[in-house]
Amino acid sequence: MLQHPKSKMVGWNSLFYPIVAFASCLVFIYFSFGDFSINYNTPRPELDFVRVVGSQFVVEGRPFYVNGWNSYWLMDQVARDRGTGKVRAMMRAGSKMGLTVCRTWAFNDGGYYALQTSPGRFDERIFQALDQVIAEANQQGIRLLLCLVNNLQAYGGKSQYVQWAMEEGVGLSSSNDSFFYDPSIRRYFKSYVKTILTRKNTVTGVEYRDDPTIFGWELINEPRCMTDSSGDTLHDWIEEMATFMKSIDKNHLLTVGLEGFYGPTSPKRLTVNPQPELGEWAALLGSDFIRNSKLSTIDFASAHIYPDHWLKGNIQFEDKLEYTSLWMQSHIEDGDKELKKPVMFTEFGYSNLNKDYEPSQRDRFFKVVFDVIYGSAKKNGSGAGTFLWQLLVAGMEDYNDDFGMVPWERPSMYRIITEHSCRLASLGGSAHMKGDIKDLCLHRRIC
Ligand SMILES: *[C@@H]1O[C@H](CO)[C@@H](O)[C@H](O)[C@H]1NC(C)=O
Ligand SMILES: *[C@@H]1O[C@H](CO)[C@@H](O)[C@H](O)[C@H]1NC(C)=O
């Protein structure tokens, strides 16, 4: 049974004081972002590696649930600005909201400000920008989920690798899916992975593979391999790359980066894919959530949530909410029963391009997503966290899309996010809260 979330009626009086408090909060955030002095010689917060025990994440012996966010732009921004101001502002703002993990791109293949300029060749200045991103996150006690390549074209992606192979005369095929099966391209990618994992951070002196600031690695953003809908090609690639990564880095958690569609090996689950009555497109993309996530080298499962991209036709808002809940419950049940590992929703977003869009819809969508996770977490279930897509700081229109937000510009959204941070943190015991989480949740400072 799926329930619609109950919308709360709130009177003006109960809104007034939070708004006043919020206004002073904005002033506070504004001024605290002015403080850009940073001294890397001061002791940094001690972070432990995140581990998996059963179907939960554990840090310092306690369950760890993630209220996380996406800011894909961090490395690119530091490279273009030649400074870390915006990244630091984002990390500080995230920390003040009780957010604990940020997912971001640790790749930029070919093109402007590329990290990898051609196979196995790196721009040291861009690498230093990534070093700085990691150092900034560490300074604020934020962990990073780092993604290693894009299935899509943005920032290079698999088509850039295929183009490189053709240019070097070693490519087997111009099909972009040859990224997954061409042995030369597999070698390119492995060499890239090895360079990243063994990179010694020029700011902190710590090799990436030894740095607990890194929550974990994600192999590829939203992989699809439509030329082999059996799923064998992509599965084989994931297996080989995951084994390779684990041979170099045994400290960090690893996930795939799937959208989460059910594939041919899970016939009973196909009804959960978007609108199966309109055809089985989602099962034919070459990805296969349960099969791919079940590999022993994959530490936690990941899926995305985009009801307004996935559901075609004139779909009512309430139906999108209901689908979101069904989709999440189904994947969490997979984590509990079939995979026996944590499940994270590493992207979820609500588009402002819908023709009936109102900001309050996005608030309610977020609330539904958060409520499902909290419901699972309370029962020690496998629903381990979410990463909203996507956060920006002011003045970053170039990086925005129809999902981007500067969250403190909308008090109701800010409250929904911070309340979720606090209820998740309280599951680990309020006695163990520290830093910004303690200020936020125990001292009721909303910033
Ligand atoms: C590969 O992807 C690129 C970028 O999306 C596209 O321009 C190109 O046509 C694709 N190649 C093939 C063979 O489909
Ligand atoms: C969840 O796990 C904690 C600690 O392991 C335990 O104290 C608690 O009773 C469990 N809760 C449920 C609902 O099983």
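Each ligand, and each atom within it, is numbered from 1 in the order the structure gives. Here the structure is a predicted model, which is why all the values come from computation and not from measurement.
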**Q** Can you name the residues that come within less than 4.0 Å of ligand 1, going by heavy atoms only?
**A** Gln153, Ser159, Ser174, Asn176

**Q** May I ask you to decide if Met226's main-chain N or O and Ser229's side chain share a donor-acceptor pair within less than 3.5 Å?
**A** no

**Q** Can an N or O of Lys378 be found at a distance shorter than 3.5 Å from an N or O of ligand 2?
**A** no

**Q** Identify the two heavy atoms, one from Pro307 and one from Gly349, that lie closest to each other, and give their separation to 0.1 Å.
**A** CD-O, 4.2 Å

**Q** Given Val133, which of Thr84, Thr213, Leu74, Asn201 fulfils the side chain to side chain contact (heavy atoms under 4.5 Å, CB included) condition?
**A** Leu74

**Q** Could you tell me whether Glu280 atom CD has more than 12 heavy atoms of other residues or ligands within 6.0 Å of it?
**A** no

**Q** Please identify which of these residues, Asn151, Val256, Ile238, Leu258, meets the side chain to side chain contact (heavy atoms under 4.5 Å, CB included) condition with Ser287.
**A** Leu258

**Q** Looking at Leu146, Leu144, Asn221, Val66, which one forms a side chain to side chain contact (heavy atoms under 4.5 Å, CB included) with Arg103?
**A** Asn221

